[in-house]
Amino acid sequence: MEAEILQKTIIEPNGKNAQYWKDIWRYKGLAATFAMRDITVRYKQTVIGLGWAVISPVVTMLLMSFLFGTVAKLPSDGTAPYQVMVYAGLIAWNLFARGLTIAATTFLTNAALLKKVYFPRIIAPLGQAAALLIDTLISLGVLFIMLAIFKYPPPWGRLLFLPVFMFLSLLLGFSVGLVLAPGNIKHRDLNHILPFLLQAGQYVTPVVYSFTYITSSMSKNTAIMYMFNPAAGVVNAFKWSIISSNSFHWPSFLIALVWIAILLPLGILRFRKGERTFVDLV
Amino acid sequence: MGEIPTVIKAEHIGKKYIIKHNRETTASSSNLASRLLKPFKRQPKEDFWALKDISFEIKQGERVGIIGKNGAGKSTLLKLLSRITEPTQGRIELLGRASAMLEVGTGFNPELTGRENVYLNGAILGMPKAEIDAKFDQIVAFSEIGKFIDTPVKHYSSGMYVRLAFSVASHLDPDILIIDEVLAVGDQKFRQKCMDRMNEIAESNKTILVVSHQMSVVRELCDRVILLQDGNILFDGDIEEGVQKYLDLNLNMQKDMPRFIVLSERIRSDGFSQRIQMLEFSVSKKNDMCFSNEEPLQADLKWKALEDVQNVYIRIIFTFQDNTTLGMACTTEPLSAKNNEEKTTALNIDLNCFASGIYSADIYLYTTVQTEIFTWRPDNYDVIDHAFSFEINHTGNNANNLEWHHQGWGHAVLPRIIISGEHCEKN
């Protein structure tokens with residue numbers, strides 16, 4: 001018998017695992033399968049299938065545009081139709097908020113699976129996040145239809161950055177979620193607080209109103225504080241890549257990058273610590 | 001050909017759990033509300049070592065059964081080997097791809113079709129997509145699902161569901177396969193098919209670890225056993241010796257077989273509404289609980305009605321020491337009692353058909369009720385598992401003085417066969 005090269009696994013306390021990243025790479029197919037499962041299951045039992053991915057943000061967009069644009073008469077980003085600006089904001093915000101929720105609640109939503117079979121724990125939320133990206137593509141399609149209807153051409157050159165900012169919105173939310181995830185194992189309070197926090201968060205982020213308008217109507221100190229909201233920078237940057245009359249705001253965007261640089265490594269560390277013990281605690 | 005490699009090497013592994021002693025230990029007791037009310041209340045904690053300093057080595061191609069009583073640490077060991085949770089101390093080295101079947105149908109989604117679930121479940125168990133593609137037809141054929149493969153599994157019967165789930169799992173092709181009593185699935189025919197399949201895997205030079213309570217399964221699949229007791233390895237080696245040690249363990253537990261047992265304090269399981277309380281069980285006219293099968297077991301069962309009851313029967317289920325059921329015997333005369341009335345019922349249990357060995361008995365007090373489809377089912381008034389145990393020394397000669405072979409013959413000695421005539425065909 002020739003010497004086959006068998007992969008060696010060493011199991012030790014305190015999560016020492018030299019193959020951690022290699023393992024994640026090996027299980028990438030599982031992440032794709034989880035993503036497929038999420039998409040298939042989500043739309044399988046509904047009459048209009050993928051249509052739901054369109055309807056709910058469109059309804060939110062119509063409501064918000066009516067309240068903030070028509071009733072409150074807030075200005076949009078330059079000449080952009082208010083609806084377009086709101087819808088772009090919602091897409092970026094949804095990536096952030098849902099990415100955050102997926103990562104923060106993964107130990108609970110996947111508990112049954114995680115207790116019965118091993119795979120790198122982060123694979124499950126990664127798969128769900130991938131499904132979220134696919135969902136978002138549909139919303140993007142709607143956004144382009146809206147641009148056509150309003151005869152408001154996008155800034156073609158900047159569109160190249162669109163995938164980058166989409167990814168950053170998701171990555172930021174995901175990082176925050178990873179930081180929160182271990183806190184959700186022993187005490188479930190976070191599960192109840194999260195929806196409120198996200199709802200509040202949406203209003204201190206330039207989602208349904210213009211970033212330029214809101215910062216210019218604040219005192220200088222308040223505006224600076226506002227920019228420290230990590231989501232503000234990425235949401236506005238996303239709007240910039242698709243709305244020609246939006247002006248890019250470097251300070252808030254750089255602040256967001258710093259947030260990611262801090263939260264992502266911290267989140268991974270926290271998540272790895274949590275994944276080691278959660279089976280014994282859930 | 002070189003030396004056979006060691007594929008599992010466990011060195012001094014231990015696993016500690018922290019148990020919180022809290023009367024209302026539910027999910028809600030650790031929430032914010034109760035902590036707001038009693039913020040400084042410390043829950044008393046206690047360390048519990050489910051595994052204590054275990055070491056063993058398993059070579060490639062070995063088929064190891066892990067046995068032991070509930071709580072001995074078997075499941076914990078499996079969880080460590082399959083990386084679901086990590087050890088508190090020690091180190092495990094695995095060589096090759098390991099897959100664990102701790103449950104059939106892990107991650108099955110009811111909304112998805114059989115086909116989609118095969119891919120999902122396969123991926124979860126660690127099969128690459130190409131491998132599932134290649135084995136898909138085999139998996140479907142084995143499961144006997146046929147044309148229903150494109151139906152959502154929520155429409156499957158439970159039998160179809162486990163067949164498909166087992167099929168996927170059994171087509172895994174790891175170097176080390178870890179199995180937890182998943183064999184008890186489906187009907188008799190499918191179980192046999194599962195056993196055959198497991199044997200097939202076992203013979204293909206794979207390393208297999210099986211956790212089971214069923215000694216017959218262990219005997220059929222394994223060539224070595226590790227016997228765990230209270231988190232320690234009690235025995236590691238030859239299968240027959242290990243199984244015997246396991247049976248002895250149960251025996252030792254039951255060595256102390258009292259003739260007088262207070263039942264009123266015993267913990268009842270859920271699932272029935274108690275209308276009678278069994279108080280005492282006592283064996284009369286005897287000094288021990290060791291019977292020859294020719295004498296009956298005579299006992300008094302004292303019980304109290306918690307409301308007016310009538311048409312009450314007693315049934316007793318007898319279990320052999322290896323946890324297999326021998327059979328059930330019941331009374332046929334209806335009993336009745338007024339609320340709060342205490343009665344003592346004298347029982348005479350025929351032991352004629354018991355083979356030598358140690359048995360334990362579950363006592364049920366029940367009445368019969370008719371179902372919608374005019375069959376009868378029991379409605380339990382009181383149930384006590386393992387109410388009493390006793391030993392049988394078979395003296396009857398229905399087996400030509402052979403030592404009883406429980407493994408192959410079961411635990412009941414059936415009435416002997418009478419030869420009713422004989423004649424010669426040819427001289």
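The basis for the numbers below is simple: all heavy atoms, side chains too, and nothing from hydrogens, waters or symmetry mates.
- Here CD of A:Q7 is found 8.5 Å from CG of B:D175. Values are rounded to the nearest 0.5 Å.
- No more than 12 heavy-atom neighbours from other residues, nucleotides or ligands sit within 6.0 angstrom of NZ on A:K8.
- Residue contact with chain A, scored on non-hydrogen atoms closer than 4.5 Å, is absent for B:I13.
- Between B:K16 and A:D280 there is no salt bridge, since no side-chain nitrogen of the basic residue lies less than 4.0 Å from a carboxylate oxygen of the acidic one.
- Contact check for A:I11 versus B:L80: no side-chain heavy atoms found under the 4.5 Å cut-off.
- For chain A, the nearby part of B:Y17 is the side chain; its heavy atoms alone come within less than 4.5 Å.
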Worksheet entry | A:L30/B:I124 under side-chain contact (heavy atoms from CB on, under 4.5 Å): CA gap, chis, key distance, verdict | CA-CA 6 Å; A:L30 182 58; B:I124 288 172; 3.8 Å; yes

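- Among A:R26, A:H192, A:M36, A:R121, the residue with the largest count of heavy-atom pairs under 4.5 Å with chain B is A:R121.
- Atom CG of B:L102 is separated from atom OH of A:Y118 by 14.5 Å, given to the nearest 0.5 angstrom.
- The part of B:K15 that comes within reach of chain A is its side chain, from C-beta onward, which places non-hydrogen atoms under 4.5 angstrom from that chain.
- A pairwise comparison of heavy atoms in B:G96 and A:T9 identifies O-OG1, 4.5 Å as the closest pair.
- Between chain A and the options B:L120, B:I84, B:L95, the largest number of non-hydrogen pairs under 4.5 Å is found for B:I84.
- A 6.0 Å sphere centred on CZ of A:F167 holds no more than 12 heavy atoms belonging to other residues, nucleotides or ligands.
- For chain B, the nearby part of A:L114 is the backbone; its heavy atoms alone come within less than 4.5 Å.
- Once rounded to the nearest 0.5 Å, the distance linking CZ of A:R37 with CD of B:E116 reads 12.0 Å.
- Heavy atoms closer than 4.5 Å to chain A are found nowhere in B:S75, neither backbone nor side chain.
- More than 12 heavy atoms of other shown residues, nucleotides or ligands fall within 6.0 angstrom of atom CZ in B:F56.
- The side chain to side chain contact (heavy atoms under 4.5 Å, CB included) with A:E12 is formed by just one residue from the set B:R91, B:E93, B:Q89; it is B:R91.
- Taking 4.5 Å as the limit, some side-chain heavy atom of A:T40 sits within range of a side-chain heavy atom of B:L112.
- Contact annotation for B:T106: both backbone and side-chain heavy atoms come within less than 4.5 Å of a heavy atom of chain A.
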